[in-house]
Amino acid sequence: MKIIVTGGAGFIGANFVYYELANHPDDEIICYDKLTYAGNLETLKFAETNPHFQFVYGDISSRDEVYKLFEIVAPDIIVNFAAESHVDRSIEDPELFLRTNIIGTSILLDACKKYGIKRYHQVSTDEVYGDLPLDRPDLFFTETTNLHTSSPYSASKASADLLVQAYQRTYKIPATISRCSNNYGPYHFPEKLIPLMIINALHDKNLPVYGTGANVRDWLYVEDHCAAIDLIIRNGKVGEVYNIGGHNEKTNLEVVKTILKILGKSESLIQFVTDRKGHDQRYAIDPAKIERELGWTPKTKFDDGIQKTVAWYLENRAWWEKIISGEYQNYYAKMYGNR
Ligand code: NAD
Ligand code: DAU
């Protein structure tokens, strides 16, 4: 089986490349990535020596490049992780999110229509459902919850989902969609909550918690997300949406305090800063469908996963020190300088 992993040089895509190479050693994995600020070939260095792995540089929103990729590779499966993924950046500048996340998805689907495909899988997000109120812990997102987006990022991801469903119905593209909750683990880009807080704490810098820190996210260890996608592309039913999450809800403040405790740092580093515009209150996934139909269950408990993640950042300083020494400093000053 030849599997193209778009966005495979990013956080979840790279973890998925490693998952596939380890669990399906006979398959060919082709990573297709534009290497934006979030893409990093260092992340794939352990795959590069594997004869079943290949890296192809390219942009999902370039029709010529994508068609050439399909002509050369003739893939059986395409798993689309490629996206602009950070909510705060989408609030600053939405346009690139529309180009990559919507136009890029439509071009991949056009390529599937033109050249044929056994399976197209869209890696989507629970953010397409909007948010849940903090005072209704009985409510969860199911696959039939209405799409109700809050940020330019989530609107672009929801638009892409609608395109996938339209191509599936109209052109019979054999497509599936998964909507996962917040991931954490190795290779997470340090603009996101967990790695940002680990790295700031290691430098004894303030930890910028938006608003009161009461917003709730439903955390899933990245390898559990990869295992779920692997099951969907092999056993999932065409035309279906699968929610992925492990009932692991935490307030942001709980997460930040846990990191400080593991690192032996003081809670006085916490600094409450101006809230994110349109900030979603609570995400919470009901994963009953994928558990029931595909037998998926998460393996890593949050207490173990967060310990492993902090240990990974301590053991892999060179990976993130290189990232934060570059353009990241300008990003940090712009986003947090006067917050
Ligand atoms: P990321 O930002 O770490 O990585 C994105 C990757 O896509 C990078 O390697 C980047 O270079 C590549 N890319 C961006 N634009 C591209 C383009 N035009 N053409 C080709 N490659 C391009 O993102 P992530 O956190 O790994 O998320 C991966 C996917 O999973 C996204 O689609 C995201 O919406 C979805 N998702 C993420 C989470 C999460 O918690 N991180 C949860 C649910 C779903
Ligand atoms: O739910 C899935 C989504 O999770 C994915 O679709 C997105 O790609 C991914 O980035 C993530 O979105 P969030 O906005 O939830 O993740 P982020 O790490 O940016 O923020 C998590 C929470 O922490 C959120 O409530 C905002 C808050 N936060 C974040 C940062 C970066 C802070 O309080 N301070 C910060 O500095």
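Both counts, for ligands and for their atoms, begin at 1 and track the order of listing. Just so you know, residue 1 is the first one in the sequence shown, and it goes up from there.
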Give yes or no for whether the N/O distance cutoff of 3.5 Å, strictly under, is met between K34 and ligand 1.
yes

In ligand 1, the atoms that come under 4.0 Å of a heavy atom of A38 are 2 (O), 8 (C)

| message | Any nitrogen or oxygen of H188, side chain or backbone, less than 3.5 Å from one on ligand 1? | response | no

Practice task
Would you tell me whether Q281 and D131 have side-chain atoms, one donor and one acceptor, within less than 3.5 Å of each other?
Solution key: no

When you compare ligand 2 with Y210, is there at least one nitrogen or oxygen pair between them that comes in under 3.5 angstrom? yes

Quick note on ligand 2: atoms under 4.0 Å from a heavy atom of K192 include exactly 10 (O), 18 (O)

Note to self: Against ligand 2, does E191 come closer than 4.0 Å with any heavy atom?
What the structure shows: yes

State plainly whether the residues D230 and R234 are in salt-bridge range, i.e. N to O under 4.0 Å.
yes

Is D76 salt-bridged to K2, going by a charged N under 4.0 Å from an acidic O? no

For S181, the atoms of ligand 1 under 4.0 Å from one of its heavy atoms are 42 (C), 43 (C)

Atoms of ligand 2 under 4.0 Å from any heavy atom of T125, numbered from 1 in the order shown, are 1 (O), 2 (C), 3 (C), 5 (C), 6 (O)

For D126, the atoms of ligand 2 under 4.0 Å from one of its heavy atoms are 1 (O), 2 (C)

Note to self: Do E327 and N330 pair up side chain to side chain, a donor and an acceptor below 3.5 Å, judged on atom types alone?
What the structure shows: yes

Taking atom types as modelled, is there a side-chain donor on S61 or D59 under 3.5 Å from an acceptor on the other? yes

Ligand 1 to C180 polar contact by distance, N or O atoms, under 3.5 Å:
no

* So, do H203 and W320 have ring centers that fall under 6.0 Å from each other? -> yes

Residue, atom and distance of the protein heavy atom nearest atom 27 (O) of ligand 1 read I12 CD1, 3.8 Å

Candidates L193, D275, I285, N182; heavy atom nearest atom 16 (O) of ligand 2 found on N182

Near A82 (heavy-atom distance under 4.0 Å), the atoms of ligand 1 are 7 (O), 20 (C), 21 (N), 22 (C)

Consider only side-chain N and O atoms of T43 and W319, and report whether a donor and an acceptor are under 3.5 Å apart.
-> yes

Contact (N/O only, under 3.5 Å) between Y32 and ligand 1: no

Q) Judged by modelled atom types alone, do Y283 and D280 share a side-chain donor-acceptor pair under 3.5 Å? A) yes

Quiz item: Is any N or O atom of M197, backbone or side chain, closer than 3.5 Å to an N or O atom of ligand 2?
Solution: no

Taking only non-hydrogen atoms of G7 and a 4.0 Å limit, the atoms of ligand 1 in range are 6 (C), 7 (O), 9 (O), 12 (C)

**Asked** Is the closest heavy atom of F81 to ligand 1 under 4.0 Å?
**Response** yes

So the atoms of ligand 1 within less than 4.0 Å of a heavy atom of Y153 turn out to be 33 (C), 34 (O)

In ligand 2, the atoms that come under 4.0 Å of a heavy atom of V209 are 33 (O)

Does the ring centre of F189 sit less than 6.0 Å away from the ring centre of Y37?
yes

Item to complete: Tell me yes or no: between the side chains of K192 and S85, is some donor less than 3.5 Å from an acceptor?
Response: yes

Fill in: T36, any N or O under 3.5 Å of ligand 1 N or O
yes

For this session: May I ask you to check whether H279 and N215 show a side-chain donor-acceptor distance below 3.5 Å?
Result: yes

Q) Using a distance-only test with no angle check, is there a side-chain donor-acceptor pair under 3.5 angstrom linking D110 and Y115? A) no

For A9, the ligand 1 atoms with a heavy-atom partner under 4.0 Å come out as 9 (O)

Ligand 2 atoms nearer than 4.0 angstrom to some heavy atom of H86 are 19 (O)

Would one find an N or O of N215, backbone or side chain, under 3.5 Å from an N or O of ligand 2? no

Item to check | V123 to ligand 1, any heavy atom closer than 4.0 Å | outcome: yes

Margin query: With a 4.0 Å cut-off on N to O distance, would you call K261 and E267 a salt bridge?
Written below: no

Atom 6 (O) of ligand 2: closest protein heavy atom, distance to 0.1 Å, is Y153 OH, 2.6 Å

Run the side chain to side chain contact (heavy atoms under 4.5 Å, CB included) test on D224 and W296 for me, step by step, so that the C-alpha distance in whole Å, both residues' side-chain angles and the decisive distance to 0.1 Å come before the verdict.
CA-CA 9 Å; D224 283 321; W296 175 85; 4.1 Å; yes

Y283 heavy atoms within 4.0 Å reach ligand 2 at atoms 1 (O), 15 (O)

Ligand 2 to Y336, heavy atom cutoff 4.0 Å, flagged ligand atoms 30 (C), 31 (C), 35 (C), 36 (O)

Is there a heavy atom of H279 sitting under 4.0 angstrom from any atom of ligand 2? yes

Original post:
Does a donor on one side chain sit under 3.5 Å from an acceptor on the other, for Y331 and D88?
Top reply: no

D59 heavy atoms within 4.0 Å reach ligand 1 at atoms 17 (C), 18 (N), 19 (N)

Between the side chains of K322 and E42, is the shortest nitrogen-to-carboxylate-oxygen separation below 4.0 Å, so that they form an ion pair? yes

Q.
Using a 3.5 Å cut-off on N or O atoms only, is W219 in polar contact with ligand 2?
A. no

query: Would you call G58 a ligand 1 contact, heavy-atom distance under 4.0 Å?
result: yes

One finds that the ligand 1 atoms under 4.0 Å from a non-hydrogen atom of S124 are 43 (C), 44 (C)

Self-check item: Distance-only donor-acceptor check, side chains Y129 and R179, under 3.5 Å
Solution: yes

Please determine if D303 and K301 form a salt bridge, counting it only when a charged side-chain N lies under 4.0 Å from a carboxylate O.
no

Polar contact flag for S85 and ligand 2 (N/O pairs, less than 3.5 Å): yes

**Asked** Is the cationic atom of R282 (NZ for Lys, CZ for Arg) positioned less than 6.0 Å from the six-membered ring centroid of F141 and within 45 degrees of its normal?
**Response** no

Among C31, G39, S85, the residue with a heavy atom nearest to atom 23 (O) of ligand 1 is S85

